[in-house]
Amino acid sequence: MEEKYFSWSRIGDIAVGRENLGLDMPVAVYRLLMYNLMDELKERFGQEQADRILYSIGYRSGLAIAANLLEPVGDLDEFIIDLQKRLKDLKIGILRIESVDLENMHIVLTVDEDLDCSGLPVTGEAVCTYDEGLISGLLYHATGKEFTVKEVDCWATGDRTCRFEAYAHRGEAEG
């Protein structure tokens with residue numbers, strides 16, 4: 001029976017299946033898939049719904065990465081160190097934390113050499129909606145709190161890094 005939701009086992013054994021080609025593929029091939037998926041979602045559902053879908057896909061991916069590739073959460077500092085290493089190893093990007101306000105559950109972080117947008121032409125449009133969801137899922141795993149993540153700077157808007165602001169949902173920051 002086909003699984004309704006993603007599970008890590010569906011990735012399969014890539015090393016066995018790609019004995020000659022290996023685990024890596026060019027960023028251009030990933031972007032070909034991602035940007036055609038984005039365009040198809042926009043055409044079928046409109047920009048707002050497409051963004052919701054991509055954010056949700058990112059969120060689920062963040063949860064899956066955290067559960068399957070990261071060490072169990074000890075404290076937030078240990079989690080961030082592990083996450084920085086893993087994102088770099090996976091070639092997703094170079095994560096830096098700019099500020100953490102635990103009292104207000106507000107986190108500002110950057111991702112350099114971002115898989116989704118670094119090197120894109122400047123269009124004036126932030127494009128890392130998937131990454132917003134990914135970060136939200138990762139932060140949920142680390143804190144048990146739902147975060148809304150918004151990209152405030154993007155390579156495609158003319159910035160040389162992606163900057164994200166994350167806020168815990170109202171009512172959860174106190175508990």
Side-chain angles (χ1 to χ4, degrees), residues 1-70 82-96 109-142 146-166:
M1 183 171 153
E2 187 175 330
E3 296 175 41
K4 182 176 178 183
Y5 296 104
F6 173 81
S7 73
W8 202 258
S9 65
R10 290 179 70 186
I11 290 176
D13 189 338
I14 300 168
V16 169
R18 292 178 50 96
E19 183 178 320
N20 295 302
L21 296 177
L23 302 175
D24 296 329
M25 67 173 204
V27 172
V29 175
Y30 165 81
R31 288 184 182 175
L32 180 67
L33 168 69
M34 181 59 80
Y35 285 102
N36 276 300
L37 174 63
M38 290 162 77
D39 288 344
E40 185 69 21
L41 290 171
K42 286 180 209 175
E43 285 176 20
R44 288 181 185 233
F45 305 111
Q47 183 69 54
E48 189 175 315
Q49 186 64 14
D51 285 344
R52 277 195 210 108
I53 292 168
L54 287 170
Y55 190 101
S56 180
I57 292 168
Y59 181 83
R60 288 179 184 211
S61 297
L63 292 176
I65 287 171
N68 292 281
L69 298 178
L70 298 175
D82 188 28
L83 180 59
Q84 286 173 319
K85 180 182 182 327
R86 183 57 67 170
L87 292 181
K88 187 173 182 182
D89 290 349
L90 292 171
K91 300 179 182 174
I92 293 173
I94 300 168
L95 173 68
R96 292 190 177 87
L109 56 96
T110 62
V111 180
D112 289 329
E113 299 185 38
D114 184 83
L115 181 60
D116 283 334
C117 73
S118 293
L120 287 181
V122 175
T123 62
E125 175 187 1
V127 297
C128 299
T129 308
Y130 171 84
D131 292 346
E132 292 171 341
L134 181 83
I135 293 164
S136 180
L138 291 164
L139 290 174
Y140 177 79
H141 178 82
E146 291 287 346
F147 279 80
T148 296
V149 178
K150 185 68 181 155
E151 184 177 31
V152 295
D153 295 318
C154 180
W155 189 287
T157 61
D159 298 291
R160 291 311 221 203
T161 189
C162 293
R163 180 169 287 104
F164 300 88
E165 290 197 25

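Quick note: residue numbers are just sequence positions, from 1.
Counting only heavy atoms from C-beta outward, the side chains of Arg31 and Leu120 approach each other to under 4.5 Å. Using a 4.5 Å cut-off on side-chain heavy atoms (C-beta onward), Leu70 and Leu138 make contact. Side chains of Lys91 and Asp24 form a contact here, defined as non-hydrogen atoms less than 4.5 Å apart.
No donor-acceptor pair under 3.5 Å is formed between the side chain of Ser136 and the backbone N or O of Glu132.
Atom CG of residue Leu54 and atom OG1 of residue Thr129 lie 6.0 Å apart, to the nearest 0.5 angstrom.
No more than 12 heavy atoms of other residues, nucleotides or ligands sit less than 6.0 Å from atom CD of Glu113. More than 12 heavy-atom neighbours from other residues, nucleotides or ligands sit within 6.0 angstrom of CD on Glu125.
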Checklist entry - Checking side chain to side chain contact (heavy atoms under 4.5 Å, CB included) for the pair Met34/Tyr130: CA distance, chi angles, key distance, verdict? => result CA-CA 9 Å; Met34 181 59 80; Tyr130 171 84; 3.9 Å; yes

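A side-chain N or O of Asp51 and one of Gln47 form a donor-acceptor pair less than 3.5 Å apart.
Put simply, the residue from Thr110, Val149, Leu134 that forms a side-chain contact (heavy atoms from CB on, under 4.5 Å) with Phe164 is Val149. Among Leu87, Val27, Asp131, Leu90, the single residue meeting the side-chain contact (heavy atoms from CB on, under 4.5 Å) criterion with Leu115 is Val27.
Between Arg86 and Asp82 there is no salt bridge, since no side-chain nitrogen of the basic residue lies less than 4.0 Å from a carboxylate oxygen of the acidic one.
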